[in-house]
Amino acid sequence: MLVKEYRICMPLTVDEYKIGQLYMISKHSNEQSGGGEGVEVVRNEPCTDPKHGAGQITEKRIYLNSKLPAWMRKFVPMVFYVTETAWNFYPYTITEYTCSFIPRLQVKIETHFLNDNGCSENVFGGKPTPKDSVCFLDILSDPIPDKHYKESEDLSHWVSKKTGRGPLEDCWRNSSKPIMCSYKKVNCSFEIYGFQGRTEEFIHRNIRDILLVGHRQAVAWIDEWHGMTLEEVRQYEKKLQEETNSKLKNDVNGTDSSSSLPVPSFTRSISVTDEQSLEKMGVKTLDISDTSCKPSSLKNTIRLNSTPE
């Protein structure tokens with residue numbers, strides 16, 4: 001298991017980011033959907049936890065076959081998705097990624113949001129993350145994949161008309177006011193001999209890129225969401241979820257937006273040869289299981305065997 005703690009600062013307050021996070025995730029998911037790949041929202045509803053109180057549970061399916069490296073696509077069916085289940089008890093959240101096709105894959109992300117510049121230690125309690133596994137991500141200067149770069153989201157040029165913040169400059173984390181930090185503890189495990197190391201590294205590299213892009217966008221888009229109420233951003237979230245799901249439906253069916261054809265059921269598509277090969281590797285395919293409102297990660301990290309920044 002490869003565990004890392006990421007710390008990403010933003011020139012926002014924790015209260016502000018409660019709105020900004022919901023807006024950013026909805027808009028980003030919509031932008032990344034198309035060509036039969038992207039994010040389908042399965043459910044998004046209130047839930048309650050005895051320890052953390054009232055929250056929101058969101059379940060998404062992420063279709064991403066073409067985004068996998070060539071060596072991994074050899075073992076993955078053409079119709080492939082990962083399920084993202086998130087429990088939002090802001091300012092604490094839990095996200096789990098599961099895959100029925102690869103039951104030995106485990107990814108769990110715990111997040112705490114604090115009004116500081118990333119200086120707090122052991123915010124998750126228990127055994128502290130080793131210092132060499134703590135990664136500070138800078139939304140100003142850390143590189144992101146070229147395909148995600150947009151000049152309008154370059155925070156060295158960004159200026160917010162609503163708040164007067166920006167642009168960010170070198171060492172901004174030590175001088176910016178307000179400032180907050182997103183602390184994320186990421187547990188990743190892929191227990192298949194010969195593939196574990198590079199698969200876990202591949203997942204962490206992608207998580208790093210997603211975190212950088214998402215947090216940059218939350219700041220760059222501040223004039224779009226700043227001042228919205230929670231009710232307003234939930235309405236925006238619902239509207240974009242419908243658009244995103246419709247976009248995926250139309251891409252899969254090859255229809256235009258006026259089509260009323262139902263979305264086909266997405267199931268695991270594995271040939272007999274593939275399944276036999278997996279059994280030799282010690283992998284057993286499992287049926288998709290339902291996810292209850294209570295996150296299993298509040299108890300222990302689970303072996304992922306169910307079916308979404």
Side-chain angles (χ1 to χ4, degrees), residues 2-14 16-17 20-21 23-25 27-29 31-32 62 64 67-69 84 91 93 95 97 107-121 123-124 128-160 163 165-188 197-225 309:
L2 185 57
V3 181
K4 291 187 179 183
E5 181 181 318
Y6 298 95
R7 301 181 186 180
I8 314 102
C9 291
M10 292 174 287
L12 308 171
T13 67
V14 171
E16 287 174 331
Y17 190 57
Q21 180 193 41
Y23 183 93
M24 175 270 293
I25 291 173
K27 183 174 177 178
H28 180 82
S29 296
E31 287 187 346
Q32 295 302 307
I62 305 173
L64 74 179
K67 295 178 174 60
L68 299 174
E84 176 194 275
T93 67
T95 308
Y97 294 90
V107 179
K108 182 184 80 170
I109 303 175
E110 287 185 86
T111 305
H112 275 292
F113 301 107
L114 297 177
N115 285 312
D116 64 29
N117 67 349
C119 60
S120 298
E121 299 298 333
V123 299
F124 299 98
T129 306
K131 290 190 178 297
D132 60 357
S133 295
V134 175
C135 307
F136 286 85
L137 302 183
D138 192 331
I139 59 174
L140 170 64
S141 59
D142 280 357
I144 62 172
D146 291 341
K147 63 181 178 181
H148 293 304
Y149 177 82
K150 294 181 181 178
E151 187 174 356
S152 61
E153 297 170 6
D154 189 329
L155 300 182
S156 64
H157 307 307
W158 158 80
V159 176
S160 167
T163 66
R165 300 171 202 171
L168 298 186
E169 300 178 347
D170 291 343
C171 302
W172 67 274
R173 288 195 300 119
N174 297 322
S175 58
S176 179
K177 291 184 181 180
I179 192 165
M180 64 164 288
C181 184
S182 173
Y183 292 82
K184 291 184 176 287
K185 187 174 183 180
V186 181
N187 293 265
C188 174
R198 60 179 174 174
T199 300
E200 292 175 355
E201 288 289 351
F202 167 77
I203 293 172
H204 271 284
R205 284 197 304 271
N206 278 270
I207 288 174
R208 174 195 174 279
D209 290 342
I210 291 169
L211 293 178
L212 272 173
V213 171
H215 287 77
R216 280 166 57 105
Q217 290 177 332
V219 174
W221 297 341
I222 188 172
D223 286 347
E224 299 178 28
W225 58 261
E309 146 173 316

Determine whether Ile109 and Thr111 make a side-chain contact, defined as any pair of heavy atoms from C-beta on separated by less than 4.5 Å. yes
Nearest heavy-atom approach of Leu12 to Val219 is CD1-CG2, 4.3 Å
Which pair of heavy atoms, one from Leu211 and one from Ile8, lies closest together, and at what distance? CD1-CD1, 4.1 Å
Quick check: do Pro167 and Leu155 have side-chain heavy atoms less than 4.5 Å from each other? no
Check whether any side-chain heavy atom of Glu153 sits under 4.5 Å from a side-chain heavy atom of Trp221, and report yes or no. yes
Hey, does the side chain of Trp225 reach the backbone of Ala218 with a donor-acceptor pair shorter than 3.5 angstrom? yes
Is Glu16 salt-bridged to Arg165, cutoff N-O under 4.0 Å? yes
According to salt bridge (charged side-chain N to carboxylate O under 4.0 Å, His left out), does anything in residues 167-186 pair up with another residue at least two apart or in another chain? List the pairs. none
Nearest 0.5 angstrom please: Leu212 CG to Leu137 CG, how far? 4.5 Å
To check you understand the geometry: which heavy-atom pair defines the closest contact between Asp154 and Ser156, and what is its length? OD1-OG, 2.6 Å
Would you indicate whether the side-chain heavy atoms of Trp172 and Cys9 approach each other to under 4.5 Å? yes
Test: Glu31 and Lys150 ion pair at under 4.0 Å: yes
Could you check whether any side-chain heavy atom of Val134 comes within less than 4.5 Å of a side-chain heavy atom of Tyr6, counting everything from C-beta outward? no
For Glu224 and Tyr23: C-alpha separation, side-chain torsions, deciding distance, then whether side-chain hydrogen bond (donor to acceptor under 3.5 Å, both in side chains) applies. CA-CA 9 Å; Glu224 299 178 28; Tyr23 183 93; 2.4 Å; yes
Output yes when a side-chain donor or acceptor of Ser160 lies under 3.5 Å from a complementary backbone atom of Thr163, and no otherwise. yes
List the atom of Gly214, the atom of Met24, and the distance in Å for their closest heavy-atom pair. O-CG, 3.3 Å
Any side-chain heavy atom of Lys27 sitting closer than 4.5 Å to one from Gln217? no
Flag, side chain of Ser133 to backbone of Thr129, donor-acceptor distance under 3.5 Å: no
Would Gln21 and Phe113 satisfy side chain to side chain contact (heavy atoms under 4.5 Å, CB included), going step by step from the backbone distance to the final call? CA-CA 11 Å; Gln21 180 193 41; Phe113 301 107; 3.5 Å; yes
Interatomic spacing from CZ in Arg208 to CD1 in Ile210 - rounded to 0.5 Å: 12.0 Å
Could you tell me if the side chain of Thr95 sits less than 4.5 Å from the side chain of Glu110, heavy atoms only? no
With rounding to the nearest 0.5 angstrom, report the CG to CD1 distance, Leu114 to Ile179. 12.0 Å
Evaluate the criterion side chain to side chain contact (heavy atoms under 4.5 Å, CB included) for residue pair Ile144 and Arg216; output intermediate values, then yes/no. CA-CA 10 Å; Ile144 62 172; Arg216 280 166 57 105; 3.8 Å; yes
One pair to check against side chain to side chain contact (heavy atoms under 4.5 Å, CB included): Trp158 and Ile222. What are the steps and the verdict? CA-CA 10 Å; Trp158 158 80; Ile222 188 172; 3.9 Å; yes
Going by an N to O cut-off under 4.0 Å, is there a salt bridge joining Glu121 and Arg7? yes
What residues, two or more places apart in sequence or in another chain, satisfy salt bridge (charged side-chain N to carboxylate O under 4.0 Å, His left out) together with Glu151? none
Side chains of Val186 and His204: closer than 4.5 Å at any heavy-atom pair? yes
Say you draw a straight line from CD1 of Ile139 to CG of Leu168; how long is it, rounded to the nearest 0.5 Å? 5.5 Å
Using atom types as modelled and distance alone, determine if a side-chain donor or acceptor of Tyr183 lies under 3.5 Å from a backbone N or O of Ser120. yes
Heavy atoms only: give me the nearest Ser152-Ala220 pair and the separation to one decimal. O-CB, 4.1 Å
Please test Val107 against Ile207 for side chain to side chain contact (heavy atoms under 4.5 Å, CB included), starting from the C-alpha separation and ending with a verdict. CA-CA 10 Å; Val107 179; Ile207 288 174; 4.3 Å; yes
If the plane angle is over 60° it's perpendicular, under 30° parallel, otherwise tilted; pick one for His148 and His28. tilted
How are the rings of His215 and Tyr17 set to each other: parallel, tilted or perpendicular (split at 30° and 60°)? parallel
So, Asn115 side chain and Val14 main chain: donor-acceptor pair closer than 3.5 Å or not? yes
